[in-house]
Structures are given as structure tokens and as C-alpha cells.
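All remarks here apply to the structure that follows.
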Amino acid sequence: MDFRPCAKSLFLDVWVEHVIEEVSTEDREGNKGTIEGPYYVPGSPSLETPATLPMRADESGTPLLFPGQVRAVDGTPLAGAHVEIWHADDNGFYSQYAPGLPEWNLRGTVVADAQGNFALNTVQPAPYQIPADGACGKLIAAASWHAWRPAHLHLKVSAPGRQLLTAQLYFEGDQHLSDDIASAVKPELVLHPQARAGAAGNEVTYDFVLDAVRG
Ligand SMILES: [Fe+2]
């Protein structure tokens with residue numbers, strides 16, 4: 001069984017999607033987003049905040065506490081907003097695409113509380129290379145590029161009456177922030193985690209401001 005996204009889909013994700021995303025969201029107020037990428041799976045488990053993403057008992061990687069708030073552009077908290085998150089594991093692999101990973105590993109939909117606040121526990125993902133065989137691999141080789149993406153969290157943040165925000169969040173210090181093969185990094189999307197006081201791992205706060213759906 002081939003778990004990789006098909007070559008045509010991968011080509012569009014890597015070399016076309018970021019251009020479409022820039023143009024289609026240039027008038028949007030609130031947070032910047034970026035591309036969805038090829039590893040999204042709808043319908044991940046719904047989790048109450050504070051949440052821990054589904055993971056193996058021995059999941060490797062630096063623990064990450066990620067709290068934040070979802071608000072409207074005018075500052076109104078968006079109660080019950082959905083923060084859908086998926087990301088690679090500490091080896092750069094996604095559940096439902098790489099063999100041997102439990103279904104929904106490191107994927108979940110956190111429901112914010114009445115003040116729009118959410119908090120989730122996960123582990124920091126690793127950078128990974130996009131599949132470099134087939135047509136995409138030939139293009140990468142011909143252009144003397146590399147196939148790396150910086151480590152990132154994928155998110156879809158939504159609330160009734162608000163535009164869906166699709167984003168990726170990156171990590172300060174990642175060596176591929178400036179040469180992402182998918183050209184999806186924006187300065188506003190780079191996290192600055194701090195070591196947790198009195199607990200293992202890192203913590204970073206990041207808020208999401210969602211623009212209204214326009215008629
Ligand atoms: Fe990804």
C-alpha cells in the first residue's frame with residue numbers, strides 16, 4: 001500500500017497552493033494563514049479543553065503546552081471555537097499516511113471554552129522531507145533544491161459566522177524557515193516556545209483572530 005500523496009496532488013501542494021492561498025486571503029483581517037498541505041484528514045477526535053492530543057504511551061519528542069484564545073477582529077471571544085490540529089511526530093511522520101502509527105495519532109479537534117480559550121498538550125514535531133521520488137523528485141533534483149520542510153503544526157480554526165483559518169505554525173531556530181520547499185513560512189507564523197517552569201518541555205501561547213464571513 002502506498003501511503004504517500006499522489007504525485008499530482010503533491011506538486012500542487014508544494015508549488016502552487018501557496019500562491020493561491022496568498023491571493024485568496026489578501027483582503028482578510030485577523031490572523032494570517034498558510035497552506036493546508038497534503039496530510040489533512042477531516043473528522044479528528046473532538047477534545048475538551050484543556051486537551052491532550054491522542055498519542056502513544058511512549059511518544060517521543062519534546063512536550064509542548066500550547067494555550068491560546070480565539071477571538072473576532074473586534075476582540076469578542078469566540079466561545080466554542082474549534083481548533084483542529086494535526087502534525088508529524090518526532091520522526092517526521094503523519095498518522096493515516098505512514099505505516100505503523102495509530103489512527104488519529106497527533107490529530108484532534110479542541111473545543112474552546114466560553115471565553116474562546118483553549119489549551120492543548122502535544123509533542124513538538126520534527127522537520128520532514130516531502131517524497132522526493134517520482135515527478136516531484138525529478139524537479140527537485142533538476143533544480144538542485146532540497147526536499148525539506150521546517151517542523152510545523154497544522155491548524156484549522158473555525159467558529160460560526162467566521163472565515164475558516166487554515167494555518168501552519170513553525171518554530172524559532174528551525175534551519176529550514178528560510179528555504180521551505182513549500183514556500184509556506186510567514187514571520188507571523190513562527191512560534192517562540194519557552195522552557196516550562198516546573199514541568200518538562202516547552203510552552204507557547206498563540207491566539208487566533210478570525211475575520212467575519214462577508215456577504
Ligand atoms: Fe505538514
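For ligands, and for the atoms within them, numbers begin at 1 and follow the listed sequence. Sequence positions, counted from 1, serve as the residue numbers for this chain.
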Residue Y39, metal the Fe ion (ligand 1), N/O/S under 2.8 Å: no
Does the gap between the ring centers of H152 and Y128 come in under 6.0 Å? yes
Distance-minimising heavy-atom pair for V123 and S60: CG2-O, 3.8 Å
Test of geometry: compute the angle OH(Y94)-the Fe ion (ligand 1)-OH(Y128) and round it to 10°. 100°
Applying a strict under-4.5 Å side-chain criterion to I, L, V, M, F, W and Y, I'd like to know whether V185 and W148 cluster together. no
Among the N, O or S atoms that H154 has, which is closest to the Fe ion (ligand 1)? NE2
I'd like the atom name of the N/O/S atom in H152 lying closest to the Fe ion (ligand 1). NE2
What do you reckon, is NZ of K186 surrounded by more than 12 foreign heavy atoms closer than 6.0 Å? yes
Taking 2.8 Å as the cut-off, does an N/O/S atom of Q168 lie below it from the Fe ion (ligand 1)? no
Does any N, O or S atom of H87, backbone or side chain, fall under 2.8 Å from the Fe ion (ligand 1)? no
What pairs of residues pass the salt bridge (Lys or Arg N to Asp or Glu O under 4.0 Å) test when at least one of them lies in residues 39-68, not counting sequence neighbours? R56-E59, R56-D89
